[in-house]
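Notes for the one structure printed next.
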Amino acid sequence: MAELLANGTLPESARAVIALGRSTALNKRDDQGRISGVRGICTGDTLRRLVARTLAQMYGPEFEEATAPAQVALGSRAGINAAVHAARAALELDSNLVLVSLDGVGAFDHVCRAEIFSRLNELPTARDIAPFVRMFYGQPSTYLHTDATGMVVDIVQGEGGEQGNPLMPALFNLGINR
């Protein structure tokens, strides 16, 4: 089953079930601990997440090489971590410096899917996971959210990807790398 999922050859009915995700609204809090908004996290099927995590680990070095040095979600020491350490050192050395922090709220939601597929297609071996990625991001995604009253609301998303998808950090980096 995992192999059929990874290579994108599942029957349509099984793909549709595995493609479903449950949306959970998490409260965001400000510096004083007050609720300041909501961030939705989508959790996909367990088998789907397991396969995605396995593929992310298998192709991780290729994703890192393809997006280096400007990586913002893969944990590369040459990417955002280096910028954080440089900023910290500068702030410690000069008390007159001010750091302005911008939150990339919903960044995964706004990456262009066509660009993800374009860049993924350029990779020598990681391009093999395109059928798997296409099952979930090759058409608009529909997420089901149950509100406080118990009413189920469909949320349709045509770009971006899921915060809870283990492949999204790599796909996001591919999508914004140019």
Side-chain angles (χ1 to χ4, degrees), residues 1-24 39-87 102-144 155-178:
M1 178 74 155
E3 184 177 339
L4 293 174
L5 182 57
N7 66 24
T9 58
L10 277 176
E12 177 61 28
S13 58
R15 191 209 64 77
V17 170
I18 290 174
L20 288 176
R22 180 176 46 232
S23 178
T24 304
R39 173 171 289 172
I41 301 293
C42 183
T43 307
D45 174 81
T46 302
L47 178 61
R48 172 185 167 192
R49 289 193 335 258
L50 179 63
V51 171
R53 181 163 173 81
T54 301
L55 294 173
Q57 290 175 342
M58 286 175 57
Y59 295 101
E62 188 172 355
F63 290 133
E64 289 179 27
E65 183 179 329
T67 58
Q71 299 163 347
V72 295
L74 292 176
S76 167
R77 286 178 174 69
I80 197 69
N81 290 344
V84 168
H85 292 301
L102 300 175
D103 184 5
V105 174
F108 286 176
D109 292 331
H110 301 288
V111 66
C112 177
R113 290 180 180 185
E115 187 62 20
I116 289 172
F117 284 111
S118 174
R119 288 286 285 133
L120 186 58
N121 191 47
E122 295 171 5
L123 301 181
T125 57
R127 69 187 309 161
D128 294 344
I129 71 166
F132 175 79
V133 176
R134 191 165 283 109
M135 280 195 298
F136 309 109
Y137 300 122
Q139 65 283 324
S141 303
T142 301
Y143 305 106
L144 306 176
I155 300 170
V156 180
Q157 178 178 356
E159 294 292 347
E162 301 165 2
Q163 187 79 21
N165 181 343
L167 266 173
M168 251 343 267
L171 299 175
F172 176 77
N173 269 289
L174 289 174
I176 67 167
N177 190 252
R178 285 194 223 273

Nearest-0.5 Å distance that lies between atom CG in L174 and atom OG in S118: 10.0 Å
Closest approach of E159 to Q157 (non-hydrogen atoms, all atoms of both residues): O-NE2, 2.7 Å
Shortest non-hydrogen separation from A126 to F63 and the atoms involved: CB-CE2, 3.9 Å
Rounded distance (nearest 0.5 Å) linking atom CG of N121 with atom CD1 of I116: 13.5 Å
CZ-CZ distance between R134 and R113, expressed to the nearest 0.5 angstrom: 12.0 Å
Contact check, side chains of R53 and R49, non-hydrogen atoms, under 4.5 Å: no
Nearest atoms (heavy-atom pairs only) where L167 meets F132: CD1-CE2, 3.7 Å
Interatomic distance, E115 atom CD to F172 atom CZ [nearest 0.5 angstrom]: 12.0 Å
Contact summary for G175 and V111, nearest pair of heavy atoms: CA-CG2, 3.7 Å
Contact summary for V156 and P140, nearest pair of heavy atoms: CG1-CB, 4.0 Å
Considering all heavy atoms, the nearest R127-L120 contact: CB-O, 3.3 Å
Evaluation steps, side chain to side chain contact (heavy atoms under 4.5 Å, CB included), between Y137 and L171: CA-CA 11 Å; Y137 300 122; L171 299 175; 4.2 Å; yes
